[in-house]
Protein chains: 2
Amino acid sequence: MTRPLTQTEENYLKAIYKANEKTKAAVNTNTIAAYMKTSAASVTDMMKKLAQKDLVIYERYKGARLSPTGSKTATSVIRKHRLWETFLVQKLGFSWEEVHEIAEELEHINSDKLITKLDEYLGFPKYDPHGDPIPSADGKFMLREQMILSQLDVDESGILVGVKNHETSFLSHLNNLNIALGTSILIKERSGFDKSLKVSVSKGAEVVLTDMVAKNLLIRKS
Amino acid sequence: MTRPLTQTEENYLKAIYKANEKTKAAVNTNTIAAYMKTSAASVTDMMKKLAQKDLVIYERYKGARLSPTGSKTATSVIRKHRLWETFLVQKLGFSWEEVHEIAEELEHINSDKLITKLDEYLGFPKYDPHGDPIPSADGKFMLREQMILSQLDVDESGILVGVKNHETSFLSHLNNLNIALGTSILIKERSGFDKSLKVSVSKGAEVVLTDMVAKNLLIRKS
DNA sequence: ATATATTTTTAGACAACCCTAAAAATATCT
DNA sequence: AGATATTTTTAGGGTTGTCTAAAAATATAT
């Protein structure tokens with residue numbers, strides 16, 4: 001009788017997943033606490049519990065990594081999150097900065113059939129409204145060539161395929177600049193002083209992007 | 001700082017709502033316990049808590065009724081449940097006996113905007129896939145003339161507009177008989193012995209309905 | 001390498017929701 | 001009305017997930 005995980009447990013797994021996506025090294029207690037906006041003590045408690053359920057590999061004072069099962073679970077939650085975000089934007093007409101919070105709730109709904117049907121209904125999307133890849137049912141991510149806008153040279157151009165920052169304020173800022181997924185961006189000038197870029201957006205309006213913005217834009221060179 | 005209700009609290013309110021829909025009288029502790037599949041002791045605890053939050057009017061040993069706020073909340077949860085059921089059937093292609101459980105989870109997602117947009121996406125449906133009325137955002141139900149199939153006389157006919165029983169087994173039974181919402185049913189014969197009915201379905205096949213089935217079919221006379 | 005700072009764990013406690021068993025209140029029967 | 005049966009509440013306790021404060025382990029600095 002393996003009972004389903006609680007939302008909290010799923011969120012811890014997701015936090016660990018996101019924290020070590022690249023490194024695969026063990027994640028600190030404090031790092032998890034920051035992700036979860038909770039205390040280190042609570043994290044320790046939860047790591048013991050998740051380790052006992054074989055979802056996490058945990059050594060005291062050394063941090064935690066996901067077990068294969070834990071990793072599969074985390075990926076499945078991310079899949080659900082991104083499919084729901086896609087639904088909210090494509091079908092219900094939400095804008096990309098509104099959907100994260102709602103999807104944080106929807107991702108915990110428990111029904112494989114629901115997700116299978118939702119995926120089908122959406123036409124098996126490979127990327128969500130922020131350009132993040134949607135893992136397939138067996139946990140595989142679609143990878144793509146991408147680079148950060150700040151790495152482009154003057155006179156080079158790219159198409160926006162993703163964003164590294166998902167905060168509402170950042171996404172709204174892009175809305176104001178008329179920058180969305182698929183928008184083409186051509187670098188016109190780079191300031192030697194603060195690295196800010198003058199770019200032309202969709203072969204039209206010229207706008208200035210601070211380096212802080214440019215660092216968060218993922219593009220495919222065009 | 002009114003924090004949102006927990007799923008459990010919402011489910012208790014829904015249970016009280018359903019238990020006294022007609023009578024409006026106070027609901028027994030044991031009745032609520034049966035609905036919630038929990039112990040009477042737990043119900044007493046919860047009633048104290050809900051009374052303290054002004055969601056329920058509760059007198060010890062006398063049972064509970066919903067306060068205006070409690071009633072509004074219960075109605076809103078029912079609205080969400082029925083809209084999600086409609087979505088699952090109409091958009092994702094679920095069959096009517098599969099959707100209740102999933103909607104039990106979806107009904108607790110917290111976003112007014114989500115429900116507003118879902119309602120619009122579905123074309124402001126007035127009835128869910130079981131024929132139950134979907135309350136409007138301000139809590140009003142669309143009422144309709146309806147009667148129970150067993151009340152019809154021989155040679156009278158009606159259109160199925162709802163079902164009183166929502167169990168999977170009952171709904172599957174209707175599927176097997178080719179009876180769905182909108183199906184027209186004409187009474188051909190009534191047995192004097194066990195009140196079973198011989199009916200013709202959609203002006204075609206003749207089938208026999210036991211009284212137990214006929215009692216659970218809501219029809220509009222045609 | 002020893003002291004200091006940081007990180008992590010343990011200890012003890014609280015809130016939400018659940019339980020069983022016993023006590024109290026109410027209802028029913030004769 | 002008195003006895004019995006039923007319903008409801010109280011008492012005491014368990015689990016999950018949270019917290020703060022103190023103790024223990026590890027890392028850093030001089």
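Just so you know, these numbers come straight off a predicted model, no measurement behind them. Letters A, B, ... are given to chains in the order of the sequence lines, protein chains preceding strands, and every chain is numbered from 1. Just the heavy atoms: all of them, side chains too, but no hydrogens, waters or symmetry mates, feed the values below.
One atom, CG of B:L5, and another, P of C:dA16, lie 12 Å apart when rounded to the nearest Å. Rounded to an integer number of Å, the gap from CD of B:E59 to C1' of D:dT7 is 16 Å. What separates NZ of A:K48 from C1' of C:dT10 is a distance of 7 Å, to the nearest Å. Rounded to whole Å, the distance from CE on B:M47 to P on D:dT9 is 10 Å. Distance B:K53 NZ to C:dA15 P: 13 Å, rounded to the nearest Å. Rounded to an integer number of Å, the gap from OH of A:Y61 to P of D:dA23 is 13 Å. To the nearest angstrom, P of D:dT8 lies 9 Å from CD1 of B:I32. If you measure from atom CD of B:E10 to atom P of C:dA16, you get 16 Å, rounded to the nearest angstrom.
A cation-pi contact links A:K117 to B:F94, judged by a cut-off of 6.0 Å to the six-membered ring centre and 45° from its axis. Within the cation-pi definition used here (under 6.0 Å to the ring centroid, within 45° of the axis), A:K91 qualifies as a partner of A:Y121.
Residue B:S39 has a polar side-chain atom (N or O) positioned under 4.0 Å from OP1 or OP2 of C:dC19. The phosphate of D:dC19 has OP1 or OP2 within less than 4.0 Å of a side-chain N or O from A:T38. Contact check, A:N28 against C:dT7: no side-chain N or O comes under 4.0 Å of OP1 or OP2. Proximity of B:Y58 to the phosphate of D:dT8: no side-chain N or O atom is located under 4.0 Å from OP1 or OP2. Within the structure, every side-chain polar atom (N or O) of A:T6 is placed at least 4.0 Å from both OP1 and OP2 of D:dT16. For A:Y12, a side-chain nitrogen or oxygen approaches OP1 or OP2 of D:dT18 to under 4.0 Å. In terms of phosphate contacts, B:S42 brings a side-chain nitrogen or oxygen within less than 4.0 Å of OP1 or OP2 of C:dC19. Residue B:N30 places at least one side-chain N or O closer than 4.0 Å to OP1 or OP2 of D:dT8.
Where A:Q7 and B:T29 each meet DNA chain D at their nearest nucleotide, the meeting point lying more 5' is that of B:T29.
We find the OG-NZ distance between A:S42 and A:K37 to be 15.0 Å, quoted to the nearest 0.5 Å. A distance of 11.5 Å separates NE2 in B:H108 from CD in B:E9, rounded to the nearest 0.5 Å.
Closest approach to the B:A41 side chain among D:dT18, C:dC19, C:dT9 is made by C:dC19 (side chain taken as heavy atoms from C-beta onward). Which of D:dT8, C:dC19, D:dT18 sits closest to the side chain of B:D45 comes down to C:dC19. For B:T44, the listed nucleotide lying nearest its side chain is D:dT8; candidates were D:dT8, C:dC19, C:dT8.
Counting any heavy atom pair closer than 4.0 Å across all strands shown, B:K62 reaches no nucleic acid atom.
A donor-acceptor pair is defined here as one N or O able to donate and one able to accept, closer than 3.5 Å; no such pair exists between the side chain of A:N28 and the backbone of A:T31.
A side-chain N or O of A:S191 and one of A:D194 form a donor-acceptor pair less than 3.5 Å apart.
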